[in-house]
Protein chains: 2
Amino acid sequence: MSDLLQRLRERGWRLTAQRRVVAEVLAGDHIHLTADEVHARATERLPEISRATVYNTLGELVSLGELLEVSTDHRATRYDPNARRPHHHLLCDRCGTIRDVHPTGDALSALPESERFGYTVSGVELTYRGICPNCAA
Amino acid sequence: MSDLLQRLRERGWRLTAQRRVVAEVLAGDHIHLTADEVHARATERLPEISRATVYNTLGELVSLGELLEVSTDHRATRYDPNARRPHHHLLCDRCGTIRDVHPTGDALSALPESERFGYTVSGVELTYRGICPNCAA
DNA sequence: GCCTTGACTTAGACCTTGTCCAATGTAGGC
DNA sequence: GCCTACATTGGACAAGGTCTAAGTCAAGGC
């Protein structure tokens, strides 16, 4: 995580307590929090942090490529700190839990030229859906 | 389209003018309207139709498996009437236009057992992203 | 064809998620 | 330690979506 802060500082980020706390909250694997969840956890460490700052910081981290926006359900956007390692998602349809997964093969090349309709295709997202072991029990 | 209405009637759907109009608005290929767009087009044919009814009807059609929810951008949910034919989506990052596409191969089998974390995997969604020919010009 | 009834529709209040802005605070260069 | 540009704040605002109470009507039974 400190490497994240390091990278950000190198890019001219001003290091404030608020930004540090948001970065800390997002540390870890298989973390996919909504903005409000990030705000709630950040508030535990820094009670006066505002919602607007959380949204600003998340947005900046996304532009910098440090964070990935994930909109798997049809509700709040979630943020995935594992942006530097390409991966896809496995989602529980019942409880909404998300895991990062690494399928084999290359989904991009599975789209033939005839199915590209003249688009310049730059990326692909896979979302697997199912029921997690917890919910199945 | 009348087969859709037929199927719905067989399932005990009460056939109202409002539901008929929503079904009509959604007829066609590569149709991916938001709820408000559906409402706007429905209003042209049936001025007194309410937003709540459009939402209700769309929700029911989704539960019945006649309609697919697509949340490609991080804004309004779109509805895809092509639910009975499995397909995926190609999305223009600039203007948001969506095309239905059919990649080769089977994305489901690309997820090895070791990457399933005990989930019962039932489906997969692919979303290709790029720039459409219109926006590229 | 008319009645009845429960399902359907309506308008509008309300909720959640997210954005914007003017005023205030502060990190970091000097 | 001061200065200034950048960051933060709280609250208003907007879009998308849900809920509810009251009124309406499709369709089955007569």
Side-chain angles (χ1 to χ4, degrees), chain A residues 2 5-25 32-43 45-64 66-80 96, chain B residues 2 5-25 32-43 45-64 66-80 96:
Chain A
S2 57
L5 294 178
Q6 188 56 40
R7 283 198 302 277
L8 295 176
R9 189 196 293 273
E10 279 162 13
R11 297 203 224 179
W13 240 42
R14 200 140 110 184
L15 209 33
T16 66
Q18 290 83 348
R19 288 173 168 181
R20 206 186 326 260
V21 165
V22 169
E24 281 169 18
V25 163
H32 305 90
L33 300 173
T34 65
D36 269 358
E37 285 165 356
V38 172
H39 181 233
R41 299 197 186 188
T43 299
R45 307 187 192 199
L46 192 66
E48 68 275 23
I49 190 171
S50 81
R51 237 163 49 94
T53 296
V54 170
Y55 274 103
N56 285 345
T57 306
L58 291 173
E60 285 154 11
L61 287 169
V62 169
S63 329
L64 290 173
E66 298 288 349
L67 213 51
L68 228 51
E69 284 185 322
V70 186
S71 58
T72 45
D73 53 7
H74 303 266
R75 322 198 50 172
T77 299
R78 294 180 174 274
Y79 293 88
D80 183 341
Chain B
S2 56
L5 294 178
Q6 188 57 39
R7 283 198 302 277
L8 296 176
R9 188 196 293 274
E10 280 161 14
R11 297 203 223 178
W13 243 41
R14 199 139 112 186
L15 209 32
T16 66
Q18 290 83 347
R19 288 173 168 183
R20 207 186 324 259
V21 165
V22 169
E24 281 168 17
V25 163
H32 305 90
L33 300 173
T34 65
D36 269 358
E37 285 164 357
V38 172
H39 181 232
R41 299 198 186 187
T43 300
R45 308 187 192 199
L46 193 66
E48 68 276 22
I49 192 172
S50 81
R51 237 163 50 95
T53 297
V54 170
Y55 275 102
N56 285 344
T57 306
L58 292 174
E60 286 155 9
L61 287 169
V62 169
S63 329
L64 291 174
E66 297 288 348
L67 212 51
L68 229 51
E69 284 185 322
V70 186
S71 59
T72 46
D73 54 7
H74 302 265
R75 322 198 50 174
T77 299
R78 292 179 174 276
Y79 293 88
D80 182 340

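The shown structure was predicted, so the numbers you read here are calculated from the model rather than taken from an experiment. Just so we're on the same page: letters track the sequence lines, and every chain starts at 1.
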query: Could you state the OH-P distance from A/Tyr79 to C/dT17, rounded to the nearest angstrom?
result: 12 Å
query: Can you tell me if B/Arg11 uses its side chain to pair, donor with acceptor, with the backbone of B/Leu64 under 3.5 Å?
result: yes
message: Please classify the nucleic acid contact of B/Thr77 as base, sugar-phosphate, or nothing, using heavy-atom distances under 4.0 Å.
response: sugar-phosphate
N/O donor-acceptor pair under 3.5 Å between A/Arg9 side chain and A/Arg14 backbone: no
message: Whether B/Glu24 and B/Arg41 form a salt bridge (side-chain N of Lys/Arg under 4.0 Å from carboxylate O of Asp/Glu) is what I want to check.
response: no
Each nucleotide N or O in nucleotides 8-11 of chain C that has a protein N or O under 3.5 Å away: list the pair and distance.
residue : atom : partner : partner atom : Å
C/dC8   : OP1  : B/Arg19 : NH1          : 3.0
C/dC8   : OP1  : B/Arg19 : NH2          : 3.2
C/dT9   : OP1  : B/Thr16 : OG1          : 2.5
C/dT9   : O3'  : B/Gln18 : NE2          : 2.9
C/dT10  : OP1  : B/Gln18 : NE2          : 3.3
C/dT10  : OP1  : B/Glu48 : O            : 2.8
C/dT10  : OP2  : B/Ser50 : N            : 2.9
C/dT10  : OP2  : B/Ser50 : OG           : 3.4
C/dT10  : OP2  : B/Thr53 : OG1          : 2.7

- prompt: Any side-chain heavy atom of A/Glu60 within less than 4.5 Å of one from A/Trp13?
  reply: yes
query: Under the 3.5 angstrom rule, does the side chain of A/Thr57 hit a backbone N or O of A/Thr53 as a donor-acceptor pair?
result: yes
message: What is the distance, to the nearest angstrom, from the CG atom on A/Leu33 to the P atom on C/dG18?
response: 13 Å
- request: Please examine the side chains of A/Val22 and A/Ile49, heavy atoms only from C-beta on, and report whether any two atoms are closer than 4.5 Å.
  value: yes
field: Boundaries of the DNA chain D segment in contact with chain B, non-hydrogen, under 4.0 Å
entry: D/dG16 to D/dA27
Between C/dT17 (P) and A/Asp36 (CG): distance, integer Å: 6 Å
message: Taking A/His32's backbone N and O only, do any of them form a donor-acceptor pair with A/Arg78's side chain (distance below 3.5 Å, no angle check)?
response: yes
Closest non-hydrogen atom pair between B/Leu5 and B/Ala23, with its separation: CD2-CB, 3.9 Å
field: Check: B/Thr43 side chain, B/His39 main-chain N or O, donor-acceptor pair, under 3.5 Å
entry: yes
- request: Five pairs at each end of the helix from C/dG1-D/dC30 to C/dC30-D/dG1: take the axis at both ends and give me the angle between them to 10°.
  value: 30°
query: Going by heavy atoms in the side chains, are B/Leu58 and B/Tyr79 under 4.5 Å from each other?
result: yes
